[in-house]
Amino acid sequence: MHSLKEIIQHMIEHTSIKSLLKGEVAPPTNIIVKGWVRTIRTSKNVNFIALNDGSTILNIQLVIDNNTPAFEICQNISTGACIRAEGTLVASQGKGQSVEIQCNSVVIYGTADPEKYPLQKKGHTLEFLREIAHLRPRTNTFGAVLRMRHQMAFAIHQFFNDKGFFYMHAPIVTGSDAEGAGEMFKVTTLPLENPPRNTDGSINYMEDFFGKATNLTVSGQLEAELGALALGNVYTFGPTFRAENSNTPRHLAEFWMIEPEMAFYDIHDNMDLAEEMLKYLINYALQNSKDDLEFLNQMYDKELITRLQSVVDKPFIRLTYTEAVEILIGFNNKFEFKVEWGTDLQKEHENFLVTHHGGPVILTDYPKHIKAFYMKQNEDGKTVRAMDILFPWIGEIIGGSQREENYDKLVSRVTEMGIDEDEIWWYLDTRRFGTCPHAGFGLGFERLMLFVTGMTNIRDVIPFPRTPKNAEF
RNA sequence: UCCUUCUUAGCUCAGCUGGUUAGAGCACAUGACUGUUAAUCAUGGGGUCCUUGGUUCGAGCCCAAGAGAGGGAGCCA
């Protein structure tokens with residue numbers, strides 16, 4: 001039985017393993033640690049526990065001698081158990097760690113039946129771990145990925161805040177299906193089995209929650225533009241949904257996207273910002289996620305850190321679509337799909353350009369008929385000021401453009417592409433009242449995470465992936 | 001959605017031209033061990049061979065349909 005005061009102290013008076021291993025506590029000092037057991041090694045005289053609390057990928061070693069009361073308790077401790085340990089931080093007698101904890105007391109918060117606990121002290125495949133996504137944060141790999149995910153999210157806000165951008169929250173439920181970025185998930189409170197119908201048999205959305213048909217957003221861009229035309233520079237950073245039946249290691253049905261939108265930026269300013277941002281983020285990872293990166297480099301991708309460094313160091317290659325096509329045509333015999341001006345580039349072509357130039361490539365000025373309605377039309381009448389940033393293996397990590405700010409030109413594209421003007425009257429209004437040149441882009445957060453962690457499947461860089469036929473956890 | 005490969009112990013896999021009681025490594029359990037590093041050594045338990053239907057005297061293996069998963073492609077971020 002503990003007093004309330006004791007219970008409160010019990011809850012909070014512990015030191016993070018990260019701070020112990022960083023040398024923030026000088027041995028010998030009495031301390032308390034709390035965390036999850038990675039392995040326990042027992043013998044007649046002394047037991048060793050590798051304890052992890054998530055603050056770092058590194059474990060602290062607990063030493064439990066057989067003359068302490070804690071020794072008996074170890075019988076019930078196995079891989080995965082959650083414990084509190086109290087003892088003295090001392091310089092380690094053994095090799096492999098500088099400090100360790102000589103324990104005199106151990107309390108078990110939760111055992112983990114070794115016959116049933118799926119994570120044992122052996123390697124597991126990423127495919128298996130996806131099936132136990134509720135437990136995989138406890139592995140080294142997912143600990144590293146999730147810590148880095150936080151670092152990257154934080155760095156994005158830092159980058160934009162330092163530049164005077166405002167974080168704007170685009171709506172997640174949208175009444176427009178004209179965003180043109182893909183299939184949408186319907187949002188409704190109507191009964192699926194018996195929805196109210198109009199006399200012609202169509203569903204009567206007037207009776208739905210919002211009084212109209214609504215969907216989950218596929219992009220916050222149009223709303224971000226509204227913000228940019230008032231606040232100057234804004235960015236959105238939120239969840240995005242695509243109901244495409246995409247089964248690839250690079251697509252999710254629910255993912256996070258960063259969409260900056262800048263008033264008075266042209267396509268070149270846009271490229272400069274995108275390149276600067278990517279370099280800032282990658283450099284941030286190199287500076288702030290060292291231990292996690294070293295683990296991923298060691299376990300998954302021996303070139304990871306070198307590749308990240310090289311992207312930071314070198315300027316991105318910039319080519320127009322037309323220039324890229326000229327290069328590619330010279331190698332047409334290597335391609336399954338032959339290149340000619342006007343066709344959209346295939347994955348094999350993108351990969352070729354990136355490998356050919358040995359690093360990220362920015363392509364601009366695509367034919368207008370393969371790009372979205374809102375992109376600024378060039379003088380040539382054939383191309384638009386689009387910009388795609390292609391990364392090694394990942395392909396398109398950023399897609400953006402200068403926006404068409406001319407009302408008449410925008411409306412003519414809207415009409416050409418068969419989009420209902422009434423759906424986006426509010427977007428068109430910005431071009432009627434105080435329009436201005438502006439530009440922006442979208443960065444797929446998980447694609448950035450793929451690059452920065454060296455993971456090769458996008459389902460492994462988000463805590464709980466949503467993909468076709470999969471919404472468990 | 002298309003192409004392709006796969007699904008056998010908790011995990012990773014082997015399993016011959018179809019032939020009796022289906023194997024290994026790791027994990028796990030028990031025991032040993034004076035400081036271990038995913039410790040080591042010994043012993044042991046553990047299986048609807050993805051599902052359904054078919055061919056056959058006999059199917060883990062052959063055929064069909066279905067369900068999952070991986071890789072490639074498309075859609076894109």
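Basis for what follows: all heavy atoms, side chains included, without hydrogens, waters or symmetry-related copies. Here is how names work: the chains are called A, B, and so on, in the same order as the sequence lines, proteins then strands, and each is numbered from 1.
Annotation: salt bridge (charged side-chain N to carboxylate O under 4.0 Å, His left out) contacts of A:E259 (sequence neighbours excluded): none.
A close approach under 4.0 Å does not occur between any side-chain nitrogen or oxygen of A:R459 and OP1 or OP2 of B:rA69. Close to B:rU34, at under 4.0 Å from its OP1 or OP2, lies a side-chain N or O of A:K44. Of the side-chain N and O atoms in A:R130, one or more sit less than 4.0 angstrom from OP1 or OP2 of B:rG70. Dashed line: the shortest gap from a side-chain N or O of A:R447 to OP1 or OP2 of B:rC76 is not under 4.0 Å. At the phosphate of B:rC26, neither OP1 nor OP2 sits under 4.0 Å from any side-chain N or O atom of A:Q120. Proximity of A:N457 to the phosphate of B:rG71: a side-chain N or O atom is located under 4.0 Å from OP1 or OP2. When the side-chain nitrogen and oxygen atoms of A:T39 are compared with OP1 and OP2 of B:rA38, none of them lie within a distance under 4.0 Å.
Comparing B:rA77 with B:rU4, their P atoms sit 30 Å apart, to the nearest whole Å. Rounded to whole Å, the separation between the C1' atoms of B:rU17 and B:rU1 comes to 39 Å. B:rG66 and B:rA42 have their C1' atoms separated by 47 Å, given to the nearest Å. Straight-line distance between the C1' atoms of B:rG47 and B:rG60: roughly 11 Å, to the nearest whole Å. Separation of the C1' atoms belonging to B:rG68 and B:rU52 is 15 Å when rounded to the nearest angstrom. Using atom P as the reference point in both B:rA27 and B:rU43, the two lie 16 Å apart (nearest Å). The C1' atoms of B:rG10 and B:rU36 are separated by 26 Å, rounded to the nearest whole Å. Taking atom P on both nucleotides, B:rA64 is separated from B:rU5 by 13 Å, rounded to a whole Å.
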For this session: At under 4.0 Å between heavy atoms, which parts of nucleotides 40-52 of chain B does protein reach? Answer with one letter per nucleotide, 5' to 3': B base, S sugar-phosphate only, - none.
Result: -------------

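At most 12 non-hydrogen atoms from other residues, nucleotides or ligands lie less than 6.0 angstrom from CD of A:E72. Remark: A:K18 NZ is loosely packed, at most 12 non-hydrogen atoms of other residues, nucleotides or ligands lying under 6.0 Å away. Residue-environment remark: NZ (A:K338) exceeds the threshold of 12 foreign heavy atoms within 6.0 Å.
Among A:F154, A:Y167, A:F165, A:F166, the single residue meeting the ring pair (Phe, Tyr, Trp, His ring centres under 6.0 Å) criterion with A:F160 is A:F165.
Within the 3.5 Å criterion, the main-chain N or O of A:S16 finds no donor-acceptor partner in the side chain of A:S55.
Residue A:S78 is classed as having no contact, given no heavy-atom separation below 4.0 Å to the nucleic acid. At the heavy-atom level, A:K469 lies under 4.0 Å from the strands shown only through sugar-phosphate atoms. Across all strands, A:E350 comes closer than 4.0 Å to no nucleic acid atom at all (heavy-atom distances).
A:M449 has its side chain out of reach of A:W256: every pair of non-hydrogen atoms, C-beta onward, lies at least 4.5 Å apart.
At whole-Å resolution of the value, CD in A:Q97 and P in B:rG35 are 15 Å apart. Remark: P of B:rA38 and CD1 of A:I57 are 13 Å apart, rounded to the nearest angstrom.
Expressed to the nearest 0.5 Å, how far OH of A:Y366 lies from CG of A:D344 amounts to 7.5 Å.
Lacking a ring centre under 5.5 Å from that of the base six-membered ring together with a plane angle below 30°, A:F48 does not count as stacked on B:rG35.
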Problem set entry | Intra- and inter-strand pairs of RNA chain B in dot-bracket (Watson-Crick or G-U wobble, both distances under 3.5 Å; | for another strand) | (((((((..((((.....[...)))).(((((.......))))).....(((((..]....))))))))))))....

